[in-house]
Amino acid sequence: MWNAVFDFGWGKAEVTPHFSFDRTPAPVTHTGKDIRMTLGTKKGAALMLFGNLGEEVVVEFDLSGLNFKKAKVTNVVTGEV
């Protein structure tokens, strides 16, 4: 997992971090009350890191704030689309 974060470029100037504890609206929202999410965005790509602090839930994510014309969501660990 750490390799995925560093390969994405986290910490570099071209990546903008969006934290769930920050009060500014993030470009990705979700329906899970116990979900904590950190999002990094850069031109044409995004990396979402999220976890559930409660019981198992079904969560919907709204990616429309990323303004991508097309997107493919991939599990960075397994490579599964």
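Since the structure is predicted, the reported quantities are computational estimates derived from the model, not experimental observations.
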| task | Please step through side-chain contact (heavy atoms from CB on, under 4.5 Å) for the pair Trp10 and Thr38, ending with a clear verdict. | result | CA-CA 11 Å; Trp10 202 275; Thr38 298; 3.6 Å; yes
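Here the side chains of Val5 and Leu49 are in contact, with some heavy-atom distance below 4.5 Å. The shortest distance between side-chain heavy atoms of Phe50 and Val28 does not fall below 4.5 Å.
Hydrophobic clustering of Ile, Leu, Val, Met, Phe, Trp and Tyr side chains at less than 4.5 Å, counting indirect connections, unites Val77 with Leu47. With hydrophobic clusters built from ILVMFWY side chains whose heavy atoms lie under 4.5 angstrom apart, Phe8 does not share a cluster with Trp2.
Heavy-atom contacts from other residues, nucleotides or ligands closer than 6.0 Å to CD of Glu14 number more than 12.
Nearest approach of Phe68 to Ala46, heavy atoms of both residues: CZ-N, 4.2 Å. Across every non-hydrogen atom of Val59 and Val57, the tightest pair is CG2-CG2, 3.4 Å. For the residue pair Val76 and Ala4, the shortest heavy atom distance occurs at CG2-CB, 3.2 Å. Considering every non-hydrogen atom in both Thr41 and Pro27, the closest pair reads CG2-CG, 4.3 Å.
Between the NE2 atom of His18 and the CG atom of Leu66 there is a distance of 8.0 Å, given to the nearest 0.5 Å. To the nearest 0.5 Å, atom CD of residue Glu60 and atom CD1 of residue Ile35 are 12.0 Å apart. Residue Glu80 holds its CD atom at 9.5 Å from OG1 of Thr74, rounded to the nearest 0.5 Å. Of the inter-residue distances, the one linking Leu39 atom CG with Phe61 atom CZ reads 10.5 Å to the nearest 0.5 angstrom.
A search for side chain to side chain contact (heavy atoms under 4.5 Å, CB included) contacts involving Val73 returns Leu63, not counting sequence neighbours.
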